[in-house]
Amino acid sequence: MEQRKGIFAGQDPFEIAQRWLGEAAGSEPNDPNAIALSTVDADGMPNARMVLLKEIEADAFVFYTNYESAKAAELDQAQKAAFVMHWKSLRRQVRVRGLISRENGPQADAYYASRSLQSRLGAWASQQSRPLASRAALLAEVALVTARHGTNPSRPPFWGGYRLAPLEVEFWADGDFRLHDRFQWRRETLTAPWGVTRLNP
């Protein structure tokens with residue numbers, strides 16, 4: 001196996017992903033932590049949407065959402081998901097596939113408390129993924145929850161995090177003449193050692 005050098009160097013995929021995200025933070029015009037999250041519904045129909053990755057832990061990737069949303073129902077049902085994080089400015093991407101679990105404790109409380117007041121109230125007001133009569137109706141609901149919960153709302157019981165523990169992580173960088181560089185980190189279980197394979201472009 002060839003030695004991985006340059007941007008691909010490292011003994012831990014989470015550290016490489018964190019390094020790449022840090023570089024993207026200095027070059028992407030906005031939301032360098034945006035990921036295209038893919039799930040499937042109970043019928044096997046796929047779904048994809050952009051969400052914001054909020055943390056790269058030592059062994060997982062964490063994001064937050066409404067637990068009553070369509071994405072949450074699909075995450076809870078399948079307990080598996082995938083995402084891709086793509087940076088045009090760096091001409092790189094990270095692809096991740098793995099197992100899903102909820103983050104519904106103190107860590108979720110702390111992240112919720114770190115959000116702007118408007119975002120915290122918005123989490124209370126939005127019945128995510130369900131039909132909405134009008135924009136005015138949503139703003140009226142925001143006014144109601146503001147009156148009800150004040151300036152220091154607690155985290156809604158229907159809102160929290162998800163942790164994706166990967167079985168596969170692929171690092172991709174654009175190459176001349178479409179001869180891209182791809183390295184796939186793969187393990188059979190969450191406690192198994194990683195194997196690294198260079199893939200054809």
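Keep in mind it's a predicted model, so treat the numbers as computed, not measured. Side-chain atoms are counted along with the backbone in the values below, which use heavy atoms only and exclude waters and symmetry mates.
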For this session: Flag yes if Val94 and Val84 sit in one hydrophobic cluster, no otherwise; membership is Ile, Leu, Val, Met, Phe, Trp, Tyr, and two members link when side-chain heavy atoms are under 4.5 Å apart.
Result: no

Problem set entry | hydrophobic_cluster_shared for Leu99 and Val62, side chain cutoff 4.5 Å | no

For this session: Answer whether the closest heavy-atom distance between the side chains of Trp172 and Arg95 falls below 4.5 Å.
Result: no

Problem set entry | Beyond-backbone contact of Pro153 with Leu117, side-chain heavy atoms, under 4.5 angstrom | yes

Exercise. So, for Arg182 and Pro201, which heavy atoms are closest and what is the spacing to 0.1 Å?
Worked result: CD-CA, 4.0 Å

For this session: Check whether any side-chain heavy atom of Leu190 sits under 4.5 Å from a side-chain heavy atom of Leu167, and report yes or no.
Result: yes

Problem set entry | Residues which pass salt bridge (Lys or Arg N to Asp or Glu O under 4.0 Å) with Glu74, listed by chain and number, not counting sequence neighbours | Arg49

For this session: With rounding to the nearest 0.5 Å, note down the distance linking CG in Asn47 to OG1 in Thr39.
Result: 5.0 Å

Exercise. Out of curiosity, Asp59 CG to Thr191 OG1, how far, rounded to the nearest 0.5 Å?
Worked result: 11.5 Å

Exercise. Can you get from Leu75 to Ile35 by hopping between Ile, Leu, Val, Met, Phe, Trp and Tyr side chains that sit under 4.5 Å apart?
Worked result: yes

Problem set entry | Nearest-0.5 Å distance that lies between atom CD1 in Ile7 and atom NZ in Lys5 | 14.0 Å

Exercise. Do Tyr67 and Tyr162 make the cut of ring centroids closer than 6.0 angstrom?
Worked result: yes

Exercise. Are Arg187 and Pro166 side-chain neighbours, meaning at least one heavy-atom pair lies under 4.5 Å?
Worked result: yes

Exercise. Between Phe63 and Leu52, which heavy-atom pair has the shortest distance, and what is it?
Worked result: CB-O, 3.5 Å

For this session: Return the orientation label for the Trp124 and Phe158 ring planes: parallel under 30°, perpendicular over 60°, tilted otherwise.
Result: perpendicular

Problem set entry | Pairs involving residues 63-73, ordered by first then second residue, that meet salt bridge (Lys or Arg N to Asp or Glu O under 4.0 Å) (sequence neighbours left out) | Glu68-Arg130

Exercise. Linking I/L/V/M/F/W/Y whenever any side-chain heavy atoms sit under 4.5 Å apart, do Ile100 and Met85 land together?
Worked result: yes

Exercise. Between His180 and Gly175, what is the shortest heavy-atom contact and its length?
Worked result: ND1-N, 3.1 Å

Exercise. Closest approach of Leu37 and Ala81, non-hydrogen atoms and distance?
Worked result: CD1-CB, 4.2 Å

Exercise. Do the side chain of Arg4 and the main chain of Gly10 share a donor and acceptor less than 3.5 angstrom apart?
Worked result: yes

Exercise. Less than 4.5 Å apart, any side-chain heavy atom of Thr197 and any of Arg186?
Worked result: no

For this session: Starting at OG1 of Thr151, measure out to CZ of Arg120 and round the result to the nearest 0.5 Å.
Result: 8.0 Å

Exercise. Listed by chain and number, what are the salt bridge (Lys or Arg N to Asp or Glu O under 4.0 Å) partners of Arg91, not counting sequence neighbours?
Worked result: Asp174

Exercise. Are the side chain of Asp12 and the backbone N or O of Glu15 linked by a donor-acceptor pair below 3.5 Å?
Worked result: yes

For this session: Might you confirm whether atom CE of Met50 has over 12 heavy atoms from other residues, nucleotides or ligands at distances under 6.0 Å?
Result: yes

Exercise. If you take all heavy atoms of Leu132 and Ala137, which pair is closest and at what distance?
Worked result: CD1-CB, 4.4 Å

Exercise. So, Ser89 and Glu28: side-chain donor and acceptor under 3.5 Å apart, yes or no?
Worked result: yes

Problem set entry | Arg135 side chain vs Leu139 backbone, donor-acceptor pair below 3.5 Å | no

For this session: Enumerate the residue pairs fulfilling ring pair (Phe, Tyr, Trp, His ring centres under 6.0 Å) with a member in residues 5-34, sequence neighbours excluded, ordered by first and then second residue.
Result: Phe8-Trp20, Phe8-Phe183, Phe14-Phe61, Trp20-Phe171

Problem set entry | Pairs involving residues 75-85, ordered by first then second residue, that meet salt bridge (Lys or Arg N to Asp or Glu O under 4.0 Å) (sequence neighbours left out) | Asp76-Arg102

For this session: To the nearest 0.5 angstrom, please state how far the CZ atom of Arg148 sits from the CG atom of Leu121.
Result: 11.0 Å

Problem set entry | Val169 with Leu53, same ILVMFWY side-chain cluster at under 4.5 Å | yes

Problem set entry | Student check: side-chain heavy atoms of Trp87 and Ser27 closer than 4.5 Å | no

For this session: Please name all residues satisfying salt bridge (Lys or Arg N to Asp or Glu O under 4.0 Å) with Glu103, sequence neighbours left out, ordered by chain then number.
Result: Arg163

Problem set entry | Spacing of Glu170 atom CD and Gln93 atom CD [to the nearest 0.5 Å] | 7.0 Å

Exercise. Is there side-chain contact between Glu141 and Gln127, with at least one heavy-atom pair below 4.5 Å?
Worked result: no

Exercise. Does the side chain of Trp185 reach to within under 4.5 Å of the side chain of Ile16, using non-hydrogen atoms?
Worked result: yes

For this session: Check Pro46 against Val40 and note the closest heavy-atom contact, atom names and distance.
Result: CA-CG1, 4.0 Å

